[in-house]
Each structure stands twice: as structure tokens, then as C-alpha cells.
Novice: 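Below: one structure in C-alpha cells.
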Amino acid sequence: MLDPKELKKTLNLPKTKFPMKASLPQREPQILKKWKDMNLYGKLREERRGRPKFILHDGPPYANGRIHLGHALNKILKDFVVKSYSMMGYDAPYVPGWDCHGLPIEIKVENQIGRLEDKVKFRRECKKYAEKFVRLQRDEFIRLGVLGEWENPYLTMDPDYEAEIVRHIKGFFQRGEVYRAKKPVYWCPHCKTALAEAEIEYHDHSSPSIYVKFPLKEPEKLAPELEGKKVFVVIWTTTPWTLPANLAIALHPEYDYGVYRDGDEYYIMARLLAPVVEEELGRQMELVHKFTGKEAEGMKAEHPFLDRESLIVLADYVTLEQGTGCVHTAPGHGEEDYQTGLKYGLEVLSPVDDEGRFTEEVPFLQGKTVWEANPIVLEILKEKGMLLHQGEITHSYPHCWRCKGPVIFRATPQWFISMDKKGLRKRALEEIKKVRWIPKWGEERIYNMIENRPDWCISRQRSWGVPIPVFYCKNCGEALTDPEVMENVARIFEREGSDSWFIHPPEYFIPEGTVCKKCGGKEFVKENDIVDVWFESGTSHAVLKNRQDHTWPADVYLEGNDQYRGWFHSSLLVALANEGESPYRQVITHGWVLDEKGRAMSKSMGNVIEPGEIIKDYGAEILRLWVAFLDYTEDVRLGENILQRLTEAYRKMRNTWRFMLGNLGDFSPERDAVPEEKLLPSDRYILTKFRRLAKRVKKLYENYQYYRIAHLIYDFFTVDLSSFYLDITKDRLYCSAEKAEERRAAQSAIFEMAKDSMRLLAPILSFTAEEAWEHLPEFPGKEPSVHLELFPEEKPPLLTSQEEEEWEVLLRYRDLANKALDEARKNGFIGNSLEAKLVFYAGGKDREILEKYQEHFLEIFIVSSWEIKEGEERVEVAKAEGKKCERCWVYHPDVGKDPEHPNLCPRCIAVVKEII
RNA sequence: GGGCCUAUAGCUCAGUCGGUUAGAGCGCACGCCUGAUAAGCGUGAGGCCGGUGGUUCAAGUCCACCUAGGCCCA
């Protein structure tokens, strides 16, 4: 007689070196090293050569700072796309890129080393800064398990790339879509430079607060009884110096306005603000006429001190918080004023020079700074009797971040791409309809933006970027925008980079014999402005044309939903204008990363989670699983609780693989695989379910529905595998003879599911699938990395539809049996379910089905004995007959009858005899 | 203020054309097992479907408004 210890040795218990504990933070770097050493990316390119292409074109992140969770979400999703399409059999190269030029880097560098007069030196520092963060971010992206051509990314500061930018600018000029016009920008009179929004600080500042009268022309048009009366539109302003540039007065179209009599004068203002003005003036006025803003549109007023008209216009931004509801509008001195000016075709006046001094356009102020001009304007207004009231106000006012002095809005010449001159807007709107937008509301969103956007101002008064390749005639100032000259510049940039612009004189770029078309001048000066960085990144589609292994247009762009305004937008315009069509066929967007409560992460809220922390504490795989489980088309949340859930889900999947691998320890697919027709019913059932799952998963990968995949596979692992199939087949796997056909049958099913689930999950659980793949038994054609594999080919279901219905009945009875067994356990009647005998009550067809499968009930219900009786559907629990077999723990009446093995059941005696 | 979007159990997700008592997995509680063991199995409790009003015989689902949140713009 064998004692329990010896008996245990006769069992086929799971055995694998695949560890239960993942230790992801330590293990992942080893797997990354394997991929690097074997040149996985290069090998994949080789293996897929000649296959149809699938191009995901990477939107370049900005080379500034470490990566945050938004980057992680984005790059992991891209990795899902690229890896899954690669496993579908496409040749799917992935070339990452970086956006390297632009203001944020200039600001950072300026903070570090100060402002250098030498632009070449300054740009060199900017370049170093960008290179540093490209390196850092690249390593962080690699750490996430993202596979790509990291050794050879595209950078917007590469000479080749800069040349493409110039060529695309050239294209816009060539088609006559570029024009030069004045536009107001923040301007620091002390530093004599334009400032970007990001360079503005707001501080309190004391300004005059004045009410000014504009005599209304033809007041009878507003109300007949006003004919011949002295009617004034009253405006309020804190910048009297901008009054010389006044061209309009804006009213809100919907607000109520009134004409108020004050002695023999009549004042127009918003009715809700009249009491405020009355209080300022210290006297009451009489309301003599009411009207709404839109009634006054197109009327004219006289400028209070210049011989000029001021048009009454309408604008939605007029508020009733301050002033009179009638807004002084100077298109050269304010962003909103400028927009309104565009709408009404007003001139952009800005009679102020670099130092903030008035030009000869305003003779009586010439040479005075805007600050000096304020009191002079007041004097004139008083003189002309146009100053209704004067006070002082302290308010928040924009200041220069460098010199801390107050800044002004000043119109300067800028380059614009026209949306309508050559039908760019119209063609863009048509092209949008041809693209597949995921989610589909994206189409409406970008459509509305393109439909309503103003002309694109592409010039920036900065130095870290690509120059606009234009020259000006030294003699007459005319711009030289000759395409051939620009092509020459492109060729030079290709060779020397855009630094050359700041090194060489104009003659270096301009072919000999070039003369000014206007005056015949032969001497030129270079443009100082650089191009908007959105134009640069919008040129990235050229990467697809310049790399041999790519095709144009891209199949997919995939970015956060802020990029409807950003990269999707600029890419569409740049590519469409130059190539004639959209650079992408599909655009996928993902949401924002929020904290667990659904709020945006911000430093001030103190709720920021760094990807690095998660990788250190949990592993990049958990981050990948996070991305997989969420519906990324909406905003996604992350916090401790969610990480905890994900870690547990991860462990379950890992353990399921581990258990499968353990049971395949002695299995060689080539030698031991059992033909499908010899599989047991439960094997056929689970494989049918699994094959159906595999088919759905592949379809879902095609449609980028990762969270559905994750849920489906995870549910299959927990419900179908762990708690059903793998639980019920333990008896077969452990207790049957090692080479018994029923055991090999279960192993065959497990092998298929292990192998194919690893392949199906490889794009998501890239690290763990790889690790598990290494522990999977060898078979012919097994690739050294799971990422070189293809998705499993479709296999037919093994059950007929009738058999499937039979399984529904069996599983219904399994539920009943479990409830009954639980009841019995709670009563202390049994412990382990093998102590039980089940009595099934069934009738008709159900009874036939139970009888048909009853030889498998030990397996399906994990009980020692059973009986089927006629009756209403239910299951009862009795004690199993016989004694417990010490080897398989099943109760059997014959245990004790064999004198040699009195502690074993007949089956185990047979198995044991064979072994001994 | 405008454009677009979101809201179902503690968490992540289902919920078809409007149609029975709104589902799943995890987590939680209780129990079993000790041959997947820092595992495995079973049972159970969790829902004002963000709120209000409307359309309808019937609303998680359609409409309007509101609240909370997100991206972009002003």
C-alpha cells in the first residue's frame, strides 16, 4: 500500500518555471533587453516585407519635459494599433517623431542662460535642450514597451524636415494663398519685441477711466424725434491713447439700449448700465427712446477729435459688466477689435512704433509714448467737449515677463494663409467628409472649426524655428516671394539646416541676377519672422513620402482630442493645399486623463500621477492594461483604487496562463496532440467558445476596440477557464496516466488556448505574453518572440448547434448543483464537493440530455456519484457512497476491495500499477 | 459666452428598434478547499440608470432644461 506522500508522486501536478510573482518593475527591463538584442523591430520589418502596408503616422509630442500620463495613454494606444495590425499580417512600420521648435523651449532656455543677442548661439542652446528631451522621452516611451524605430525618429529640426517646411510654404505662396497684413500682437515697448500669450504676466495697473462722447450722425434714423438733436454714443475706455485708432463702436445685438436726455444733449448707452453712469456723473437723466443693439448696426458717429467716421457695429463679446455697453473699437489695438474689424472690413490702424511712440500719422502726438499721450488725449477731449466723465481705475493689466513693464497691443505686419482666396476652406470641408472619424462626432467637431476659423497667421516674431523664406527689397520694401528663391533656400536648409539663415547674408540664398519686381532693386534683406510651429508639425506627412518603407496618405492618425484644433487641423490644411487631399484616412482620438474623481490632473490640485511612479510601483504592463480596459474615446480616470483593480486583474490572467503552462509541462504538441474528433465533450465545448472569442477579438482589433477585447478575454479567463474548464479538468490532468488519451485531449485544448490567447493578448500584455510565450512548449514554426507571430487563423467550432443547446442545459444544472452543494456545505453536511452524490431531477428532453452526458458528471460537477430521476427541475445532495480514494479523492464503493491497494479506487489502481 | 463630448453598482464595462424583475467581471461579505497556494472554488448582498420636466399604453433608451465634469475656442 502506498502512503499519501508516495501517491502524490504518481500524480501529474502542474509544473512550470513561469513564476507566479510577476515582479514587473524588475522583469520588464530584461524583456526590453531581449527585444533590443534580437532587434525585434528590425526583424519584424524583415518578416513583413512585401506585405500590404498599414501606416500609423505618429503625431510628434513636444520635446519639453518628461512624459505624463497623456503621453503614456497615447503611445500605448498607438502600440496596440501597430502591433495588432502587424499580427494581422500587415507591414506596419512605426516611426516616432518629435516637435522640436517653438516658444516653450525658447522660454526655458532664456530662463536658463538669459537672452542672447546672437541668434545662432541661442538656437544652438535651444537645439541642445530639445535633443536632451528627445532622448529622455524616447527612453520613457521604450520603457512602456512601445515598439518602433526609436533609433531613427523624425525631428522637426532635422535639416531634411526643415527643407520640407520651406517647400510647403513655397507651395502656399505659389498658389497665391499667402498675403501680408497687419494684426495686433502683444508688444513690449521697452524690450521692443512682440510677446506671446505665454510671456505675459498680469499685474495691477492704474489707468484713466473715461467716458467719451461720439456725436451720432443722422440720429433720426434711430428715432424720428431725434432729428436735429445733439445725440452722442457714449463709450468707456481705460486706454485713451488708442482713441486715435478708433474706427468703430461695438454694440451687443440683443441688448437693450436707451437714448437719455441730459439737458440739451442725448446719450446712448445700454439701459442696464445707465444707472451706473448716472451715479458716476452724479445726476439723473431722462430715458427718451429705447432700442436693441442690432437696430443701430451700420449707423455712423463722428470721431470725437479727428475728421473721421466711426461705424456702429455689432459684437457678441460686448458685456454689461463695465462701461456703457458701447465699446470703443480700434482694430489695431486689440484682438477682439481686430476680429470685428475683419468682419466689417475696417482698416487696421496702429500709429505707434517699436518703442511705443506715436508716428507722424498722428501729428499732435508724434514722438510721444503712449503713456505720455494719455493726458494729451484727455486735454483734447476736454477742449472739444467730448469728455463726459473722467476717473481713475486700478485693474489687472498685461505686463512683460522680462522687464515687468506694461505692454500694449500693437498691429504689426504678419503673413497669413487665406482660407478662402483659393477655396482652401471649401476643399478642406469636402475632404473632412471622406475621412473616417473615430469616434464619429469628431467629424462635426473639426468641421465646425474649419468652417469658422479665421485666416491662418503663420508668422511668429521668434528665433527658434524655421524662417519664412522671404526677402524684402532694400530700396522699396517689396517682398520677394519667388518660388525659385524659396526652392534654393530649401536646398540650402537640406544641406546646412535652418541655422544657415541666421549665418549667411541674403545673397547666399538669392540666385544672382534676381531683381525686385517692383523697383528693379538688387539688394535685399531677410525676413525676420519664423513660421508657426503648427505649420511645422502640419508638414509631418512629408515623412511618409520621404521614407521608402512608408506610403501616403497614412491609414491612421491617433491623438488626444485637443488635436482637432491642433495637429489634425494643421496637417489637413498643409497637406491638402500641397498634395490635394487629406494626409489621413482615419483619425482616432482619445480623451483626457483625469483623476479618480473625474477631475483634470494639475499641479495646483496636487492630484498628478506620474507614469514613472506607476512603472516603479506596478510595472508598465499595468499601465498598458489600464489603457486596454478603458473606453479611450472618452476621458479616462486613474487612481489608486483603479490601479488596485488592474493589478488584481493582471494577477488573474497571469495565474491562468501559469496554470495552463504548468499543465503543459510534459506536453509536446507534435508528439502528443489529440485529433479533434477524439476530444472529450468539455474540451470541444471550451474550444468552440474560445474559437468564437478569438474571431471576435480579431474583428475588434481591426476596429480599435481594445476595451472590449480586454473585457472579453478577461471574462473568458475568469469565468470559462479558471472557474470552469481548468477546474473541472484537474481530475483528468492530475489523476489519469501521464500519456492517457483523455489527459492528452485536455492538454491539446489547453495548448491551443494558451498559445492563441498569448498571441491575441500580445499587443496589450506585451511583456507578459512574451514571457509566457518563452515558457510555452516548442512547436514547429514557433517564433522566438510572440510579437513576430500572426494572430491565430480562424478555426471551426467543434460543437453542433444541437450540442451547444445541450451544454446550456448542463450548465443550467451546474448552477443548480452549485447552489445545492453550497447549501449542504453551509449545513456542515459536506466539505469538498467530492464528498457528495448529486440527485438530478429532470424530465423529457432535459433528462435525455443529462443521461447522454452522465459518464462525464464526475468531471462536469466535480462530485463522486450521481443519479438521474424523473421530476421537476432540481438538484439534491446526498453523501457519496463508498470510501475516499487517497489518490484522486473521489469516493468509490470499491475502495478497500483490492488487498494490494486498499486505499485506492479501481481507476487509480490501474494507473498506479502501470507506474510501479 | 460658443463648438464638441461625458454621466448605469465601490471600480471597469454591457444594455439591440423605446417593450418582462437593468446585466457581467472585479472588489466586498460569508463559506469551502489545501494537489494553481502571496493560489483555487462556491454562494450572497450591492442600482433614484446625475437631476427636473415632457412625449408615449410603455423611457436607462427619445425631447427640453438644469447640475457636475472634460477638450477646444472666445
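All values derive from a computational prediction rather than experimental measurement. Chain A is the first sequence line, chain B the second, and so forth, proteins listed ahead of strands; every chain is numbered from 1.
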Novice: Please state the C1' separation for the pair B:A14 and B:A7 - nearest whole angstrom.
Specialist: 16 Å

Novice: Taking only residues two or more places apart in sequence, or in another chain, which ones meet A:Trp456 in a ring-ring contact (aromatic ring centres under 6.0 Å, His included)?
Specialist: A:Phe535

Novice: What salt bridge (Lys or Arg N to Asp or Glu O under 4.0 Å) pairs are there with at least one residue in residues 628-640 of chain A, not counting sequence neighbours?
Specialist: none

Novice: Determine the Euclidean distance between corresponding C1' atoms of B:C5 and B:U43; express it in Å to zero decimal places.
Specialist: 41 Å

Novice: Atom CZ of A:Phe629 and atom P of B:G25: how far apart are they, to the nearest Å?
Specialist: 13 Å

Novice: Within this structure, what is the OH-to-C1' distance between A:Tyr707 and B:U12, rounded to whole angstrom?
Specialist: 11 Å

Novice: Taking the C1' atom in each of B:C32 and B:C11, what is the distance between them to the nearest angstrom?
Specialist: 27 Å

Novice: What's the CD-C1' distance between A:Gln705 and B:C13, to the nearest Å?
Specialist: 12 Å

Novice: Please report the distance, rounded to the nearest Å, between OH in A:Tyr650 and P in B:G27.
Specialist: 17 Å

Novice: Please list all pairs meeting salt bridge (Lys or Arg N to Asp or Glu O under 4.0 Å) that have one or both residues in residues 6-18 of chain A, counting only residues at least two apart or in different chains.
Specialist: none

Novice: Produce a footprint string for nucleotides 30-46 of chain B: one letter per nucleotide, 5' end first; B if the base is under 4.0 Å from any protein heavy atom, S if only the sugar-phosphate is, - if neither.
Specialist: --SSSBBS-SSSBSS--

Novice: Suppose the criterion is ring pair (Phe, Tyr, Trp, His ring centres under 6.0 Å): which pairs have a residue in residues 2-21 of chain A, not counting sequence neighbours?
Specialist: A:Phe18-A:His775

Novice: Looking at residues at least two apart in the chain, or sitting in another chain, which of them share a side chain to side chain contact (heavy atoms under 4.5 Å, CB included) with A:Lys819?
Specialist: none

Novice: Could you work out the separation of B:A24 and B:C17 based on their P atoms and round it to a whole Å?
Specialist: 22 Å

Novice: Considering every strand and a 4.0 Å limit on heavy-atom distances, what is the contact class for A:Tyr564: base, sugar-phosphate, or nothing?
Specialist: nothing

Novice: Using a heavy-atom cut-off of 4.0 Å across all strands, would you classify A:Asn452 as base, sugar-phosphate, or nothing?
Specialist: nothing

Novice: Nearest-Å distance, CG (A:Leu712) to P (B:A24)?
Specialist: 16 Å

Novice: In whole angstrom, give the distance that lies between atom NZ of A:Lys440 and atom P of B:C4.
Specialist: 15 Å

Novice: Please report the distance separating the P of B:U8 from the corresponding atom of B:U55, rounded so that it comes out in whole Å.
Specialist: 27 Å

Novice: Side chains of A:Ser571 and A:Tyr584: do they bring a donor and an acceptor to under 3.5 Å?
Specialist: no

Novice: Are any non-hydrogen side-chain atoms of A:Tyr618 and A:Leu625 less than 4.5 angstrom apart?
Specialist: no

Novice: I need the CD1-C1' distance between A:Ile622 and B:U12, as an integer number of Å.
Specialist: 14 Å

Novice: Measuring only the P atom in each nucleotide, how far is B:U61 from B:A9? A whole number of Å is fine.
Specialist: 15 Å

Novice: Taking the P atom of each, how far is B:U6 from B:C13, in whole Å?
Specialist: 14 Å

Novice: Rounding to a whole Å, what distance do you find between A:Leu630:CG and B:C11:C1'?
Specialist: 10 Å

Novice: I want to verify the glycosidic state of B:G25; is it syn or anti under the 90° rule?
Specialist: anti

Novice: Going by ring-ring contact (aromatic ring centres under 6.0 Å, His included), name the residues that satisfy it together with A:Tyr707, two or more places apart in sequence or in a different chain.
Specialist: none

Novice: If a protein heavy atom is under 4.0 Å from the base, mark B; if only from the sugar-phosphate, S; if neither, -; do that for nucleotides 60-74 of chain B going 5' to 3'.
Specialist: ---------SSBSS-

Novice: Taking ring-ring contact (aromatic ring centres under 6.0 Å, His included) as the test, write out the residues that go with A:Phe667, two or more places apart.
Specialist: A:Phe751

Novice: Would you mind listing every salt bridge (Lys or Arg N to Asp or Glu O under 4.0 Å) that reaches into residues 716-735 of chain A, with sequence neighbours excluded?
Specialist: A:Asp683-A:Arg732, A:Lys689-A:Asp720, A:Asp727-A:Lys730, A:Asp731-A:Arg907, A:Arg732-A:Glu859

Novice: Represent RNA chain B in dot-bracket notation, 5' to 3'. Only Watson-Crick or G-U wobble pairs with both distances under 3.5 Å count; pseudoknot-style crossings use [ ] and interstrand partners use |.
Specialist: (((((((..((((.....[...)))).(((((.......))))).....(((((..]....)))))))))))).

Novice: Which pairs pass salt bridge (Lys or Arg N to Asp or Glu O under 4.0 Å) with one or both residues in residues 331-340 of chain A, sequence neighbours excluded?
Specialist: A:Lys183-A:Glu335

Novice: Verify the ring-centre separation between A:Phe861 and A:Trp866: is it less than 6.0 angstrom?
Specialist: no

Novice: Suppose you measure atom P in B:U20 against the same atom in B:G10; what distance do you get, rounded to whole Å?
Specialist: 24 Å

Novice: Just checking, is any N or O donor in the side chain of A:Arg453 or A:His569 under 3.5 Å from an acceptor N or O on the other one?
Specialist: yes

